[in-house]
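Only heavy atoms go into these numbers, but all of them, side chains included; no hydrogens, no water, no symmetry mates. Residue numbers start from 1 in every chain, and the chains themselves are labelled A, B, ... in the order their sequence lines are given, proteins ahead of strands.
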Protein chains: 2
Amino acid sequence: MSLTVVVEVVTQESIQEQYRLLQDIFVLLDDGDRNDLAEFGITTSQFRVLMLLNTVQGIRLATLADRLLLARSTITRIVDQLEQDRLTKRLDDPADRRAQHVVLTELGAQLRQQAQVAHLRSLERRLSTLAPGEMNTLNDLLRKLRHSLGQDLSARTGR
Amino acid sequence: MSLTVVVEVVTQESIQEQYRLLQDIFVLLDDGDRNDLAEFGITTSQFRVLMLLNTVQGIRLATLADRLLLARSTITRIVDQLEQDRLTKRLDDPADRRAQHVVLTELGAQLRQQAQVAHLRSLERRLSTLAPGEMNTLNDLLRKLRHSLGQDLSARTGR
DNA sequence: ACGCAACAATTCCGCAAGCAAGTATTCTCG
DNA sequence: CGAGAATACTTGCTTGCGGAATTGTTGCGT
């Protein structure tokens, strides 16, 4: 019986530590990202949108919202900002007059390329501690984690 | 030469995937947290502050800001809210009249306890996929990651 | 055909968080 | 000692994001 208790306590502590670790890591990641992207004049959200605009045919606003787990109104504003900076354009969907496709402009494609390279360099530097094998292990576990959390989300909202 | 190129490409992809995974996990975690904590009438930021108020002697506002990597003005407002809800009190620091210590009220301690238990239950459910061994491995790797990111932060700001 | 639910995007409102400036206090060191 | 730098907190302003309501469009059931 006492064994059970001990095991449970240990697990609870592991879970809480994991939670704190993930929190800390996110905050640190985000802080560095903001720092990196500031010199390109874009926010992390804008960057994440730009990174999804890799095709010429564009992507719908609703799809962006789903992919980034942001509210649609938020996507509207972010795309407004990008458009104001001449980085993207809205094109009407030929098949659905409700929908619009966001596409990169020439300028947007250039900036996206530069920002992506700089961001990647920064990530390589900041995550340099992990050996290749560790990185793969970590990614495997993170995938499981994401899947588990995704399951829970759809259980909460999708029913 | 081609080997070098291949290895580098693979590593870059791993890093980018890791970045996306962490992004996704954070968003999912935060979404669930907000859902859990809503029934206690507190936000995730307020919760994170409450979780640091475990001692009777309290903690300084500036320390909270440093621990949570939030601006001091943000901490001021969060503590204002908690105080308005009678969950915390500000006590003057006897040794430094500039500083104040935030302490839990009786009500705050109760709510903190309840919220913590509920949150932990939720985490156990949401992270149930990982086996104990995997969890330990993951935490080890996350610790390395946090350390590496922390190093970079102090290299950026602390000099 | 047509009415109605579902969907795409936007607008409006409110809250959360950062930055910069301001006040009060403490520290440093010449 | 005492002037200036540093520190602790607060306030005003700006921006980013979510949620509800709105407008216009599509698709489904009958």
Side-chain angles (χ1 to χ4, degrees), chain A residues 23 26-28 30-35 37-38 41-50 58-85 88-103 153 156-158, chain B residues 23 26-28 30-35 37-38 41-50 58-85 88-103 153 156-158:
Chain A
Q23 277 284 354
F26 174 77
V27 170
L28 289 166
D30 195 57
D31 189 72
D33 287 349
R34 279 200 299 158
N35 192 269
L37 297 174
I42 57 176
T43 65
T44 58
S45 295
Q46 289 173 345
F47 178 69
R48 288 169 67 199
V49 168
L50 284 181
I59 193 172
R60 286 155 69 132
L61 294 173
T63 308
L64 287 173
D66 293 343
R67 292 270 183 84
L68 298 176
L69 287 181
L70 293 177
R72 304 202 168 180
S73 57
T74 302
I75 297 294
T76 294
R77 274 188 301 258
I78 292 174
V79 172
D80 283 348
Q81 296 162 355
L82 292 173
E83 208 162 308
Q84 199 168 352
D85 294 343
T88 62
K89 278 184 306 189
R90 282 176 169 90
L91 299 182
D92 291 337
D93 185 324
D96 187 340
R97 284 190 298 164
R98 294 173 301 184
Q100 295 180 324
H101 294 259
V102 184
V103 297
L153 174 67
R156 260 191 299 122
T157 63
Chain B
Q23 278 282 354
F26 174 77
V27 170
L28 289 166
D30 194 58
D31 188 74
D33 287 349
R34 279 202 297 161
N35 192 269
L37 297 174
I42 57 177
T43 66
T44 56
S45 295
Q46 289 173 346
F47 179 67
R48 289 168 67 199
V49 168
L50 285 181
I59 193 171
R60 287 156 70 132
L61 294 175
T63 308
L64 287 172
D66 293 343
R67 293 270 182 85
L68 299 176
L69 285 182
L70 292 176
R72 304 203 167 178
S73 56
T74 302
I75 297 295
T76 294
R77 280 185 262 265
I78 292 174
V79 172
D80 283 347
Q81 295 162 359
L82 292 173
E83 206 161 309
Q84 199 168 350
D85 293 344
T88 63
K89 279 185 304 189
R90 282 174 169 91
L91 298 182
D92 290 337
D93 184 323
D96 187 341
R97 284 192 296 165
R98 295 172 302 181
Q100 294 179 323
H101 293 257
V102 184
V103 298
L153 174 66
R156 261 191 297 122
T157 64

Side-chain donor/acceptor contact of B:R77 with base of C:dG18 under 3.5 Å
yes
With a 4.0 Å limit, can you tell me whether B:S45 has a side-chain N or O closer than that to the phosphate oxygens OP1/OP2 of C:dA17?
yes
d(CZ, B:R72; P, C:dA21) in whole Å:
17 Å
Closer than 4.0 Å, any side-chain N/O of A:T76 to the OP1 or OP2 of C:dT10?
yes
Pick base, sugar-phosphate or nothing for A:I75, based on heavy-atom distances below 4.0 Å to the nucleic acid.
nothing
Is it the case that D:dT7 (base atoms only) and B:R98 (side chain only) share a donor and an acceptor within less than 3.5 Å, ignoring hydrogens and angles?
yes
Shortest side-chain distance from B:Q100, nucleotide among D:dC9, C:dA9, D:dG16:
D:dC9
Has B:S73 got a side-chain N or O lying under 4.0 Å from the OP1 or OP2 atom of C:dA20?
no
Please compare A:R97 and B:D80 by the position of their nearest nucleotide in DNA chain D and report the one closer to 5'.
B:D80
Determine: side-chain N/O of A:Q81 to OP1/OP2 of D:dT15, distance under 4.0 Å, yes or no.
no
Go through the steps for A:L37 and A:T43 under the test side-chain contact (heavy atoms from CB on, under 4.5 Å), then give the verdict.
CA-CA 6 Å; A:L37 297 174; A:T43 65; over 6 Å; no
Please state whether the phosphate of D:dT10, meaning OP1 or OP2, lies under 4.0 angstrom from any side-chain nitrogen or oxygen of B:R90.
yes
From the set C:dT10, D:dA8, C:dA17, return the single nucleotide nearest to any side-chain atom of B:R60.
D:dA8
Select base, sugar-phosphate, or nothing to describe what B:D96 touches, counting heavy atoms under 4.0 Å on all strands.
sugar-phosphate
Return the value, rounded to whole Å, for the distance between atom CG of B:D92 and atom P of D:dT10.
11 Å
For B:Q46, answer base if it contacts any base atom (sugar-phosphate contacts may also be present), sugar-phosphate if it contacts only those atoms, and nothing otherwise; contact means non-hydrogen atoms under 4.0 Å.
nothing
Please assess B:I75 against B:L68 for the test side-chain contact (heavy atoms from CB on, under 4.5 Å), listing each intermediate value before the final yes or no.
CA-CA 9 Å; B:I75 297 295; B:L68 299 176; 4.3 Å; yes
Student check: side-chain heavy atoms of B:R60 and B:Q100 closer than 4.5 Å
no
